[in-house]
Undergrad: 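There's a structure below that I have some questions on.
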Amino acid sequence: MSQEQEHVEPEEKTAQKFAKESRNIGNIMNTFLLILVFMMLCICTVLLVLVVNLNKEVGSINTKLMALQTSGNQPEVYEKTEDVVDINGSSVDQTEAADIAEVDALENKLVWDENADQSSGIRRVYLTFDDGPSANTDRILDILDEYGVKATFFVVGKENYAQQYRRIVEDGHTLAMHSYSHVYGDIYSSLDAYRQDLEKLRSFLYEVTGVECSIVRFPGGSSNTISRVDMHALIDYLDSENMVYFDWNVSSGDASGLHRSADQIAANVLDNIEKYNNAVVLMHDASGKNTTVDALPTIIETLLKSEDTVLLPISEDTVKVQHIH
Ligand SMILES: [Zn+2]
């Protein structure tokens, strides 16, 4: 009997111990499950917050896109085309006025594909002046000279400015071609009309300066929408003549008719230059565009302060900044 009791007791103890251990394991499992549920809840909450934020982000991007599209549909063009004048300040016909307004709107709104700019390291800035020479050319040249900076002048054909064409060359800037007449309706009426206009400018500049120009900027840029000739045909023509064209990726926003203060012009240029390793800056050398000249010292001083930035004149070796190819 005592032997039996002795035998049973340990069995009961074992059973009790087992039950106790089971309860403990059960408790641990419960706690573990609770923690698991709690963690799942946390993850769910975080995911929910992320999704809500993402939705908000998408919403705001959509709003911005819509705002961009709306502003793109309503470009800052002139109320009346009668007020539009050409680069000499002379009045133009309705068609030309509409073309000038369209180009101005494009010049101020163009967005450059940043991925197109692959080179890295030192930032190269090319200041370019279209439509000169003008009453402002000497002032621009004086400022560039003062800072020892070289730039590029995409000139048109003008009598009585021989001294300015020559000074551009003598001061070490790049003398480049824009168009002789700069009349959109004429130069973009046919390939032949464009070719004749450019040939006229090329021989005119050679006579005045002795320089054979080979760098070109299309009036309105290669991406202009007013040419009646396919721009690729004009580009092929330039290729065949070993001439190279440059557009721009930074606009100063000084297009004719839209008044910009010197501060606005400097801010437009400086804010946008930061995006590119090769920044080609569009400005205009035209009488009446005094704020462009006034903005120059600020632009140049700021850029010269930056150690990794150089200001250069465009050459045939310059990285091509072209809107269409
Ligand atoms: Zn122009």
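All values reported here derive from a predicted model rather than from experimental measurement. Ligands are counted one by one from 1 in listed order, and the atoms in each one are counted from 1 as well. The first residue in the sequence is number 1, and the count goes up from there.
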Undergrad: I need the single residue from Thr128, Asp247, Thr152 that forms a side chain to side chain donor-acceptor pair (under 3.5 Å) with Arg217. Which is it?
TA: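 So the option named by the test is Thr128.
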
Undergrad: Any N/O/S atom, side chain or main chain, of His284 closer to the Zn ion (ligand 1) than 2.8 Å?
TA: no

Undergrad: Assess whether a salt bridge exists between Arg167 and Glu170, defined as any Lys/Arg side-chain N lying under 4.0 Å from an Asp/Glu carboxylate O.
TA: no

Undergrad: Mind running side-chain hydrogen bond (donor to acceptor under 3.5 Å, both in side chains) on Asp86 and His182 for me, showing each step along the way?
TA: CA-CA 8 Å; Asp86 67 11; His182 205 286; over 6 Å; no

Undergrad: Write the atom name of the N, O or S atom in His178 that is nearest the Zn ion (ligand 1).
TA: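 Looking at His178, the N, O or S atom with the least distance to the Zn ion (ligand 1) is NE2.
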
Undergrad: Can you list the steps and then say if Leu311 with Leu304 is a side-chain contact (heavy atoms from CB on, under 4.5 Å)?
TA: CA-CA 8 Å; Leu311 284 140; Leu304 288 180; 3.7 Å; yes

Undergrad: What is the name of the N/O/S atom in Asp131 that sits closest to the Zn ion (ligand 1)?
TA: OD1

